[in-house]
Amino acid sequence: MAHPWIADRALAFDSSGIRKVFELAAKMRDPINLSIGQPDFDVPEQARAAAMSAVQSRKNAYSITQGIAPLRERLQKQVEGELGHADRQLFITSGTSGGLVLTMMTLVNPGDEVLIFDPYFVAYEPLIKMVGGVPVVVDTAPDLRIDVDKVRKMLTPRTKVILLNSPTNPTGKVATEAEVEGLARLAAERNIALVSDEIYRLFCYDAPFVSPARFNPHTIVIDGFSKSHGMTGWRVGWIHGPSAVIEQMLKMQQFTFVCAPQPLQWGALTALDTDMSPQIAAYRGKRDLIYDGLREHYQVAKPGGAFYIFPRIPSGPAAPWRNAAEFVEQAIERELLIIPGHIFSRHADHFRISYAADERTLTRGIAVLQELAKVAGG
């Protein structure tokens, strides 16, 4: 029975299934951990040094809510160079997740509909519900493609936001330029806010990244340093979009997160001078390793970005599982930690692998998954 003090919004959803797997991993001696959605490379050395220097030079107070000026100016120059939009403002957030919270708080009224694409990042649906919004799920099965005509048919007078994530967590799918442009132009045509979660934009292996902001100047973009520079614990993200929207988000930040950690903003500024292409090349190799190890045993799409792959569970005559949750239990018994797909989807027949791991771990994980596929086949 819930404690009588607890608000309904807190009881509306369970804790993340991913967090439960993290807790399980902490109890294992040598787990094959392919569950964690964070890079296995460390923060660049010069960024760590800059953050420590900021601490030692007593840059430990609040920054202004917008973030330190040198970081904002550097990012503003980058955005203007990429997009060239006249009315574009940005500020530093307390992580990309903080940016998502501010976005939902600023844009969504109770009863407003927010379109998300299935499979979706685990936090999207709870965050929408937390502010009283209504998640409207656009199914992309079986090919994970965005059908703009299908999106158009799902719009209603209550549709307020379309939330796009590309490259995506949990599938690694990268939306094509045609899909991105079509969605951007549809949002502009119908005067619907388009929010683009671009936290994995650096991890594109087969084609250049394309932002919908290129085609729709009113797009709100959420980005950050967590994935691109291994700074998941630093909580430094950023948002850019039309000034009228950004100014309202800033008010929300002032009364919630206040600001991102100042010393770590200085570290992030220095991180922008680091060439991350070796890390991206390494992750392209990890992508190929995991895909080549699974494609003959599983129904799986080759991911074009991020560091996730989303196979379908094997369904042979001897399979002792009915859904991905039961399949994952079998994997955990073999010390392989993966995430059941129902956490990210209305479908229950896929599972997520994070290949942000060293080659030994990936090779061990592939061996277990190949063994499970043989079990299903009898």
Side-chain angles (χ1 to χ4, degrees), residues 13-37 116-122 125 137-145 168-173 286-304 306-378:
F13 28 79
D14 196 4
S15 61
S16 167
I18 298 176
R19 194 184 82 181
K20 292 176 182 177
V21 174
F22 288 176
E23 292 168 353
L24 185 62
K27 300 174 183 177
M28 290 185 171
R29 185 176 59 82
D30 187 23
I32 309 166
N33 197 344
L34 300 182
S35 67
I36 300 178
I116 58 176
F117 296 94
D118 184 335
Y120 42 79
F121 174 49
V122 63
E125 198 166 14
V137 178
V138 182
D139 196 354
T140 65
D143 58 5
L144 305 179
R145 293 192 174 276
T168 182
N169 177 4
T171 68
K173 173 69 176 176
K286 294 173 191 283
R287 184 275 307 264
D288 293 342
L289 176 64
I290 195 81
Y291 176 70
D292 290 342
L294 298 182
R295 61 179 176 169
E296 294 181 6
H297 307 274
Y298 289 81
Q299 181 179 327
V300 60
K302 187 175 186 178
F307 36 75
Y308 307 104
I309 189 168
F310 202 60
R312 186 169 186 166
I313 61 172
S315 55
W321 46 77
R322 293 167 296 175
N323 52 48
E326 292 181 0
F327 175 82
V328 167
E329 287 178 5
Q330 295 282 318
I332 290 172
E333 287 180 7
R334 293 161 172 82
E335 297 195 321
L336 171 61
L337 300 179
I338 49 180
I339 308 294
H342 71 270
I343 291 173
F344 313 96
S345 173
R346 302 294 168 89
H347 300 284
D349 54 358
H350 286 71
F351 60 99
R352 191 194 78 174
I353 297 169
S354 167
Y355 52 86
D358 60 59
E359 187 171 329
R360 173 181 174 269
T361 302
L362 291 174
T363 302
R364 290 174 65 205
I366 290 167
V368 171
L369 291 167
Q370 290 177 350
E371 176 194 336
L372 286 169
K374 290 175 184 175
V375 168

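Residues: numbered from 1 along the sequence shown. Computation of the quantities below employed the complete heavy-atom set of this structure, encompassing side-chain atoms and omitting hydrogens, waters and symmetry-equivalent molecules. Here the structure is a predicted model, which is why all the values come from computation and not from measurement.
With rounding to the nearest 0.5 angstrom, the NE2 atom of His350 is 6.0 Å from the CD atom of Gln299. For the atom pair NE2 (His347) and CZ (Arg312), the distance works out to 9.5 Å, reported to the nearest 0.5 Å. From Asp139, atom CG reaches atom CZ of Phe117 across 11.0 Å, with rounding to the nearest 0.5 Å. We find the CG-CG distance between Asn33 and Leu337 to be 5.0 Å, quoted to the nearest 0.5 Å. Put simply, CG on Asp292 and CD1 on Ile366 are 8.5 Å apart, with the number rounded to the nearest 0.5 Å. Interatomic distance, Trp321 CH2 to Gln330 CD, rounded to the nearest 0.5 Å: 6.0 Å.
Between Leu144 and Thr168 there is no side-chain heavy-atom pair separated by less than 4.5 Å. At least one side-chain heavy atom of Phe344 sits under 4.5 Å from a side-chain heavy atom of Asn169. When side chains are defined from C-beta on, Leu34 does not count as touching Phe351, because their heavy atoms never get closer than 4.5 Å.
Ala376 approaches Pro314 most closely through the heavy-atom pair CB-CB, 3.8 Å. For the pair Phe327 and Ile338, the tightest heavy-atom approach, listed with the atom from each and the gap, is CE2-CD1, 3.9 Å. Counting all heavy atoms, side chain and backbone alike, Ser35 lies closest to Arg352 at O-NH2, 2.7 Å. Asp118 and Arg346 get closest at one heavy-atom pair: OD2-N, 2.8 Å. Pairing each heavy atom of Ala324 with each of Gly341, the nearest pair is CB-N, 4.1 Å. When all heavy atoms are compared, the tightest approach of Ser354 to Ile36 is OG-O, 2.7 Å.
Taking the six-membered ring where the residue is Trp, Phe307 and Tyr355 present perpendicular rings, their angle passing 60° and hence far from 30°.
Evaluation of the ring-ring contact (aromatic ring centres under 6.0 Å, His included) rule for Tyr120 yields no partner, not counting sequence neighbours.
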Subject >> Step-by-step side chain to side chain contact (heavy atoms under 4.5 Å, CB included) determination, Asn323 to His342 >> reply: CA-CA 9 Å; Asn323 52 48; His342 71 270; over 6 Å; no
**OP:** Please step through side chain to side chain contact (heavy atoms under 4.5 Å, CB included) for the pair Ile309 and Lys302, ending with a clear verdict.
**Re:** CA-CA 7 Å; Ile309 189 168; Lys302 187 175 186 178; over 6 Å; no
**OP:** Evaluate the criterion side chain to side chain contact (heavy atoms under 4.5 Å, CB included) for residue pair Leu369 and His297; output intermediate values, then yes/no.
**Re:** CA-CA 8 Å; Leu369 291 167; His297 307 274; over 6 Å; no
Subject >> Criterion side chain to side chain contact (heavy atoms under 4.5 Å, CB included) on Thr140 and Thr171, from CA distance to verdict >> reply: CA-CA 11 Å; Thr140 65; Thr171 68; over 6 Å; no
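In this structure, the side chain of Lys286 engages the main chain of Ala357 through a donor-acceptor pair within 3.5 Å.
More than 12 heavy atoms of other residues, nucleotides or ligands lie within 6.0 Å of CZ in Arg334, so this atom counts as buried by the packing criterion. In this structure, Glu359 places its CD atom where only 12 or fewer heavy-atom neighbours from other residues, nucleotides or ligands lie under 6.0 Å away.
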